[in-house]
Amino acid sequence: MPYWLMKSEPDEFSIDDLARAPRRTAPWTGVRNYQARNFMRDAMRVGDGVLFYHSSCAEPGIAGIAEVAREAYPDETQFDPKSEYYDPATTREAPRWLNVDVRFVAKTRLVPLAELRAHRELAGMRILQRGNRLSITPVTPREWTFITGRLLAPAAKARRR
DNA sequence: GCCAACGTTGGC
DNA sequence: GCCAACGTTGGC
C-alpha cells in the first residue's frame, strides 16, 4: 500500500485540528502545486497511510498519522474569492485544483526533522533532500515501517528486550 | 529576517 | 521555447 508525507503549517491546520474535526476527517485544501496535485489525483487511494508533518513552525517534524479517506475531488477554496487559495483562472467546468480527504489515525510524539536526518534508513526521503518544497511526497514502505514501527514505538521495542 | 532552492510568469 | 525576473517555501 502506498504511503505519503503531507506538510501542513500547524498555525493553519495541525494534527490537533484534524483530531477535532467532524468525524476526524478534513479536506486537504490549498494545494497549489501541480506535482502535489498530481499525486493526489493519480496515486492517492482510500486507506493510504499519511505521515502528518508540521512545517514552517518552531518544531518542524512528524506530528501524527492519518489516512486517505476520500479520493481527489475539486478543491472548493479555488472558487471562493474570499479564500487565500482563490484562483481566478480556474472554472467549475474545468477545475484546476483538487483535494483528498484525510482522516485522523493517531497523534504521535513530535519526531523532529533533525532526528529523521540522523537515520541512514531515511536518507532517501524526499523531505530531507536539499531544496525540497513539495507539500505532498511519497514515502516508501521501508521508510513507513521504520518511522511508524521504530521511531514511533519505543515502548514496543523496550518490551521486546 | 536571511537565504537557498525551486516554480511560475511573461517578454521576446 | 528560452530565460530573466519574480514570488514562495521553509529551515535556521
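What you see is a predicted model; the values in this text were computed from it and never measured. In the text below, chain A, chain B and the rest are named by the order of the sequence lines, each starting its count at 1.
- Rounded to an integer number of Å, the gap from A:R32 CZ to B:dC6 C1' is 19 Å.
- Taking atom CG of residue A:L128 and atom C1' of nucleotide C:dG11, one finds them 12 Å apart after rounding to whole Å.
- In this entry the distance linking CG of A:D87 with P of C:dT8 reads 13 Å, nearest Å.
- For A:K7, no side-chain nitrogen or oxygen approaches OP1 or OP2 of C:dT9 to under 4.0 Å.
- Side chain of A:R133, nearest nucleotide from C:dG10, C:dC12, B:dC6: B:dC6.
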Give the intermediate values and the outcome of ring pair (Phe, Tyr, Trp, His ring centres under 6.0 Å) for residues A:W97 and A:Y73. CA-CA 8 Å; A:W97 305 113; A:Y73 60 99; over 10 Å; no
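- Regarding A:I127, its CD1 atom lies at a distance of 14 Å from the P atom of C:dT9, rounded to whole Å.
- Atoms CH2 and CG, on A:W4 and A:D48 in that order, are 6.5 Å from each other to the nearest 0.5 Å.
- Taking side-chain N and O atoms only, A:Y53 has a distance below 4.0 Å to OP1 or OP2 of C:dG11.
- Note that CD1 of A:I147 and CE of A:M125 are 4.0 Å apart. Values are rounded to the nearest 0.5 Å.
- A:R45 is not listed as a side-chain neighbour of A:V68, based on a closest heavy-atom distance of 4.5 Å or more.
- Going from atom CZ of A:R117 over to atom P of C:dG10 covers 13 Å, rounded to whole Å.
- Rounded to a whole Å, the CD1 atom of A:I136 is 16 Å from the C1' atom of C:dG10.
- To the nearest angstrom, P of B:dT8 lies 10 Å from CZ of A:R37.
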